[in-house]
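This structure is a prediction, so every number in the text was calculated from the model and none was measured.
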Amino acid sequence: MANKRVMVTGGSGLVGQAIKAVVEADPKSDETWIFLSSKDGDLSDMQQTEALFEKYQPTHVIHLAAMVGGLFHNMAHNLDFLRVNLHINDNVLHSSYKYKVQKVVSCLSTCIFPDKTAYPIDETMVHNGPPHPSNFGYSHAKRLIDVQNHAYHQQHGCMFTSVVPCNVFGPHDNFRQGEAHVLPALLARIHKAAMEGQPSVTVLGTGRPLRQFIYSLDLAKLMIWTLWNYESVEPIILSVDEKDEVSIGEVAHQLAKVCGYQGRLEFDTSQADGQFKKTASNAKLRSLLPEFEFTPLEQALKETVHWYTHNWMSSRR
């Protein structure tokens with residue numbers, strides 16, 4: 001297929017920048033990639049969204065744009081996360097239908113899965129119960145992408161699909177305290193403590209919750225593979241293996257080691273832990289792409305810390 005034009009919403013963020021790095025490392029002559037940021041237009045506004053589709057005429061869309069945040073930001077703003085993301089997703093998907101986009105790959109999150117469920121979770125379990133109350137606004141908005149994908153396919157034959165990554169981290173993340181997800185928030189605090197010689201760093205919560213972490217460059221490669229090779233409206237989980245699940249406390253200690261921090265980590269057990277675990281199965285991915293090799297966590301942490309060390313002054317912090 002000639003002249004593929006791929007428009008990436010949220011192109012300046014963590015995953016968008018990773019996709020850009022992967023694409024630029026191995027450019028294809030028949031592919032044009034357009035990376036949008038919020039500066040290009042407000043995707044929660046239908047007129048501005050349609051103007052972008054009119055301008056760039058994409059044949060394919062990777063939809064990453066969203067209002068996102070960590071546990072405490074979600075807990076304080078569930079309504080905002082619900083309303084803003086509902087508008088963004090509806091505008092992007094309907095514009096994709098209107099402008100005859102051949103395929104859309106939207107990015108969901110493992111937090112959409114039911115709070116009370118059996119583990120490991122898989123793609124068939126998305127709608128089996130309410131999500132964790134800490135982020136129900138964001139979770140329901142993201143779930144509805146899956147509902148819309150099926151509805152557009154049923155009514156119009158659209159190939160709109162979605163991926164469900166586990167916790168993503170890497171260069172270009174959001175490191176702002178109060179907004180950031182757990183790993184970048186910890187990295188920023190530990191890096192600051194190491195630079196300033198602080199005797200201790202506070203980790204919010206007990207450190208016991210378990211998470212699977214995927215390096216943004218690995219996720220980028222898998223999303224590009226999904227765009228060109230995965231032909232189903234059913235979601236697909238993009239996650240490291242179940243055996244690679246680690247505790248928040250373990251990640252904090254690994255970050256301290258990589259940052260060269262010699263002080264104490266103190267766990268504030270009065271703070272919320274959020275969901276204890278959300279172990280995801282990547283069996284579907286492994287059945288389709290069995291040889292994919294994920295970057296080991298320690299190496300990925302080293303590369304992320306190296307990037308942050310050289311860019312922290314200008315990063316989102």
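- A salt bridge between R5 and E31 is absent, with no side-chain N of the basic residue lying under 4.0 Å from a carboxylate O of the acidic one.
- Residues S106 and L93 come closest through the heavy atom pair OG-CD2, 4.2 Å.
- Two residues are said to be in side-chain contact when any heavy atoms from C-beta on lie closer than 4.5 Å; V61 and V6 fail this criterion.
- Within the 4.5 Å cutoff, the side chain of W307 has heavy atoms near those of the H172 side chain.
- When atom types are taken as modelled, the side chain of S287 and the backbone of K284 share a donor-acceptor pair closer than 3.5 angstrom.
- Residues passing the side chain to side chain contact (heavy atoms under 4.5 Å, CB included) test with A280 are T110, I121, Q212, I237, S239, sequence neighbours excluded.
- Applying the side chain to side chain contact (heavy atoms under 4.5 Å, CB included) criterion to N89, with sequence neighbours excluded, gives H63, N85, I145, Q148.
- Listed by chain and number, the residues in a ring pair (Phe, Tyr, Trp, His ring centres under 6.0 Å) with F81 are H73 (sequence neighbours excluded).
- The two atoms that bring L52 and G41 nearest to each other are CD1-CA, 4.3 Å, heavy atoms only.
- Between H132 and S134, the shortest heavy-atom distance links the atoms ND1-OG, 2.7 Å.
- Side-chain contact between C111 and Y138: present, with at least one pair of heavy atoms (C-beta onward) separated by less than 4.5 Å.
- Neither side chain, D30 nor N3, offers a donor N or O lying under 3.5 Å from an acceptor on the other.
- In this structure, D42 contributes its side chain and S44 its backbone to a donor-acceptor pair below 3.5 Å.
- Listed for the K142 side chain is no donor-acceptor partner under 3.5 Å among the backbone atoms of G137.
- More than 12 heavy atoms of other residues, nucleotides or ligands sit less than 6.0 Å from atom CD of E196.
- Judged as a ring-ring contact (aromatic ring centres under 6.0 Å, His included), the pairs with a partner in residues 194-229 (not counting sequence neighbours) are, in order, H60-W228, F169-Y215.
- When atom types are taken as modelled, the side chain of Y119 and the backbone of K277 share a donor-acceptor pair closer than 3.5 angstrom.
- Counting heavy atoms from C-beta outward, F53 and K98 have side chains that stay 4.5 Å or more apart.
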For L301 and L187, run side-chain contact (heavy atoms from CB on, under 4.5 Å): C-alpha distance rounded to whole Å, both residues' side-chain angles, the deciding distance at 0.1 Å, then the answer. CA-CA 9 Å; L301 289 177; L187 193 163; 6.0 Å; no
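- In the hydrophobic clustering, where aliphatic and aromatic side chains (Ile, Leu, Val, Met, Phe, Trp, Tyr) are joined below 4.5 Å either directly or transitively, M46 stands alone.
- The closest donor-acceptor contact from the side chain of D40 to the backbone of S37 lies under 3.5 Å.
- Of the N and O atoms on the side chains of Q57 and Y99, not one donor lies less than 3.5 Å from an acceptor on the other residue.
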Atom pairs and distances, donor-acceptor, side-chain atoms in residues 253-261, under 3.5 Å, two or more places apart:
from : atom 1 : to   : atom 2 : distance (Å)
Y261 : OH     : Q198 : O      : 2.9
Y261 : OH     : P199 : O      : 3.4
Y261 : OH     : S200 : N      : 3.0

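- Residue Q271 places its CD atom among more than 12 non-hydrogen atoms of other residues, nucleotides or ligands, all under 6.0 Å distant.
- Around CD of Q155, the count of heavy atoms belonging to other residues, nucleotides or ligands within 6.0 Å does not exceed 12.
- Clustering of Ile, Leu, Val, Met, Phe, Trp and Tyr by side-chain heavy atoms under 4.5 Å joins L210 with F276.
- Between the side chain of K302 and the backbone N or O of L297 there is no donor-acceptor pair closer than 3.5 Å.
- In this structure, K116 contributes its side chain and G129 its backbone to no donor-acceptor pair below 3.5 Å.
- The shortest distance between side-chain heavy atoms of I19 and W33 falls below 4.5 Å.
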Given the rule in the side-chain contact (heavy atoms from CB on, under 4.5 Å) test, do V240 and E245 qualify, once you have shown the distances and angles that lead to the verdict? CA-CA 8 Å; V240 298; E245 193 172 51; over 6 Å; no
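- Taking the side chain as every heavy atom from C-beta outward, L285 and L238 approach each other to under 4.5 Å.
- Across all their heavy atoms, A193 and V201 have their closest contact at CB-CG2, 3.3 Å.
- Residues satisfying the side chain to side chain contact (heavy atoms under 4.5 Å, CB included) test with T202, not counting sequence neighbours, are L204, D268.
- In this structure, D115 contributes its side chain and P131 its backbone to no donor-acceptor pair below 3.5 Å.
- Contact detail for I88 and A65: the closest heavy-atom pair is CG2-O, 3.8 Å.
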S95 and E50: CA distance, side-chain angles, deciding distance, side chain to side chain donor-acceptor pair (under 3.5 Å) verdict: CA-CA 6 Å; S95 296; E50 288 197 351; 4.6 Å; no
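- Shown here are the ring pair (Phe, Tyr, Trp, His ring centres under 6.0 Å) partners of H306, two or more places apart in sequence or in another chain: H310.
- No side-chain donor-acceptor contact under 3.5 Å links S162 and D146.
- Two residues are said to be in side-chain contact when any heavy atoms from C-beta on lie closer than 4.5 Å; D244 and F294 fail this criterion.
- Proximity of T9 to T49: side-chain heavy atoms (C-beta onward) are nowhere separated by under 4.5 Å.
- Although no hydrogens or angles enter the test, the distance criterion places no donor-acceptor pair under 3.5 Å between the side chain of S281 and the main chain of D122.
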For D80 and M67, what are the C-alpha separation, side-chain angles and deciding distance, and is it a side-chain contact (heavy atoms from CB on, under 4.5 Å)? CA-CA 8 Å; D80 297 335; M67 179 183 180; 3.9 Å; yes
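- A pairwise comparison of heavy atoms in L217 and A18 identifies CD2-O, 3.8 Å as the closest pair.
- Every ring pair (Phe, Tyr, Trp, His ring centres under 6.0 Å) that Y152 has, sequence neighbours left out, goes to Y97, F160.
- The other residues sharing a hydrophobic cluster with L82 are L86, L144, V147, where clustering joins ILVMFWY side chains under 4.5 Å apart.
- A side-chain donor-acceptor contact under 3.5 Å links N174 to the backbone of R176.
- Within the structure, salt bridge (charged side-chain N to carboxylate O under 4.0 Å, His left out) contacts touching residues 202-228 (residues at least two apart or in different chains) do not occur.
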Applying side-chain contact (heavy atoms from CB on, under 4.5 Å), run through Q102 and K4 and close with a yes or a no. CA-CA 10 Å; Q102 295 167 27; K4 291 175 279 193; 5.9 Å; no
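- Using cut-offs of 30° and 60° for the angle between ring planes, the H191 and Y308 rings count as perpendicular.
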